[in-house]
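The structure under discussion appears below in the form of structure tokens.
Ligands are counted one by one from 1 in listed order, and the atoms in each one are counted from 1 as well.
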Amino acid sequence: MAAKLKTSYFCQNCGYQSAKWMGKCPSCQQWNSFAEEIIAKEDKAKPTWRSEGKQSVAPKPKPIAEIDYTEQPRHITPDKELNRVLGGGIVPGSIVLIGGEPGIGKSTLLLQIALNMPLKVLYISGEESEQQIKMRAERIELPENKSITPATQSECFILTETNTQHIFKHIEQLEPELLIVDSIQTMATSHIESAAGSVSQVRECTAELLRYAKESGTPVFLIGHITKEGTLAGPKVLEHMVDTVLQFEGDRHLTYRILRTIKNRFGSTSELGIYEMRTGGLREVGNPSEILLSQRDDHLSGISIGTTLEGNRPLLIEVQSLVSAATYGTPQRSSTGFDAKRLNMLLAVLEKRGGYRLGTQDVFLNIAGGFRVEDPAIDLAVCLSIVSSYEDIAIPPHTCFAGEVGLGGEIRAVSRIENRIAEAEKLGFRQIFISRYNTKGLEMSRFNMKIHPVAHVGEVIQKLIV
Ligand code: TYD
Ligand code: MG
């Protein structure tokens, strides 16, 4: 037994390393996030995925003009939604992290790709047994008219192993063309002693897989778990190391799933793919408006759709209000998912500038789906939802809004209007009301939907409600 184990403290939230324990992480300000991890066995040489004697030559500086570059074609997957979020297929040698809550369908998605891809795929699982994976594979319905000819028939290999050194031995023999690791939190390298799933393990295993991907040109998919707070478990560091981060999200009680690009070195991050979880696996939803439209058959009053930005991701969100004459004394104001003070301000604007006698009404406002919206671009949707309920006139279908409302009832410009419009268009909306001040530099002809530039809330109400 070694005399003394070398240990270090790691913030389990962001991966910050410290020689001693700390109550608060100086990097991410999280309290109580430090845990001791054994980092002994640090070999002098950097571990490599190749077996001994096949070390690669250390790279030398090279003038950029002399660097040979032939664009390698991307691997186009049979899954159009995945191709889209990746920015047009899988880039050779890239490493993609797919995060999501347990049970959301990460393993199903990647197994489906493994089965459908016309490549030699190695699916490594540290979570399930071979039999379990086979059972899942049998559940997944493969398209009957699969365009894969027998000559390029997909080959899918399953390996249940968690030690990366063993995994690389098999990789050297098998030489897969695509590698899937389910999940990175179950992997462990023998170069580090701490338990699988700890910050240093996750980081080192990812680093090894990264070297493998870059040196061999084989694309690697990593599955990563997500904590309750919605961040990728383990270090944030992971997100910096990989080329692309995708997030698989959705309500487990509903069948729809959204695959979002959070980071992409090879494409845009404003992409999203939509799937439906069926008994026979995940089905791509090519026309996402079917999700929104199915719930909107009855055209209720008081419902409007606004756009918000969540981080840098645009999202369309439903605002519901109920306005009814107050029966007892002081009218009630209640707001879920939206700032109550801001609601009062918007009510005052509607009262003063629009002449709506809301002072005698109970107003209940709710942002659907349990979201909390802070983006002021939702203001216009909130106003329209309130007026729609007050007048009991439904807003026409396929209509959405993006605008901040000022004290004078004027509609102000919002950030990243193009992304919002693009998202609305993708989700099947046909018209959007935006601020007149947002039209500068906006190529309206680029979009297939009708864009209405407006200056005042009254204008929108006139157009849609009275
Ligand atoms: P899974 O891929 O195991 O989730 P993750 O890897 O993200 O934890 O998804 C499991 C869920 O998907 C499970 O609740 C059952 C459901 N499912 C279907 O509805 N249809 C299917 O064809 C398959 C394989 C799973
Ligand atoms: Mg899984």
**Asked** Relative to each other, are the rings of F433 and F401 parallel, tilted or perpendicular (30° and 60° limits)?
**Response** parallel

**Request:** Between L111 and ligand 1, find which residue part has any heavy-atom pair under 4.0 Å and reply side chain, backbone, both or neither.
**Result:** neither

**Request:** Go through the structure and list residues passing side chain to side chain donor-acceptor pair (under 3.5 Å) with D79, not counting sequence neighbours.
**Result:** Y275

**Message:** Under the rule for side chain to side chain donor-acceptor pair (under 3.5 Å), what residues qualify as partners of R446, not counting sequence neighbours?
**Reply:** E418

**Message:** Please report whether ligand 1 has a polar contact with E128, defined as an N or O pair separated by less than 3.5 Å (distance criterion only).
**Reply:** no

**Message:** I'd like to check the side chain to side chain donor-acceptor pair (under 3.5 Å) partners of S33; sequence neighbours left out, ordered by chain and number.
**Reply:** none

**Message:** Is it the case that ligand 1 has an N or O less than 3.5 angstrom from some N or O of M277?
**Reply:** no

**Message:** What I want to find out is whether E204 reaches R211 closely enough, with some N-O distance under 4.0 Å, to be called a salt bridge.
**Reply:** yes

**Request:** Would you mind listing which atoms of ligand 1 come within a distance below 4.0 Å of any non-hydrogen atom of S107?
**Result:** 2 (O), 5 (P), 6 (O)

**Asked** Hey, are E249 and R260 close enough for a salt bridge, meaning a charged N less than 4.0 Å from a carboxylate O?
**Response** yes

**Request:** Measure K106 to ligand 1 on non-hydrogen atoms and call it side chain, backbone, both or neither using the 4.0 Å cut-off.
**Result:** both

**Message:** Would you say Q320 and E318 are linked by a side-chain donor-acceptor pair, where the criterion is simply a distance under 3.5 Å?
**Reply:** yes

**Request:** Tell me, yes or no, whether the heavy-atom count around M135 atom CE, taken from other residues, nucleotides or ligands under 6.0 Å, exceeds 12.
**Result:** no

**Message:** Restricting to distances shorter than 2.8 Å, give the number of protein N, O or S atoms close to the Mg ion (ligand 2).
**Reply:** 1

**Donor on one side chain, acceptor on other, D182 and S107, under 3.5 Å** = yes

**Minimal non-hydrogen separation, Q12 against V199, with atom names** = OE1-CG2, 3.5 Å

**Fill in**
ligand 1 to G280, heavy atom cutoff 4.0 Å, flagged ligand atoms 22 (O)

**Item:** I140-ligand 1 polar pair, N/O distance under 3.5 Å
**Value:** no

**Request:** Tell me, please: is G281 in heavy-atom contact with ligand 1, that is, under 4.0 Å?
**Result:** yes

**Prompt:** Can you list the ligand 1 atoms lying under 4.0 Å from a non-hydrogen atom of T108?
**Reply:** 1 (P), 2 (O), 9 (O), 24 (C), 25 (C)

**Item:** Proximal candidate to atom 15 (C) of ligand 1 [heavy atom criterion; set R283, E101, R139]
**Value:** R139

**Message:** Less than 3.5 Å apart, any donor N or O on the side chain of S183 or E127 sitting next to an acceptor on the other?
**Reply:** yes

**Message:** Below 4.0 Å, non-hydrogen atoms only: which portion of P102 touches ligand 1? Side chain, backbone, both or neither.
**Reply:** backbone

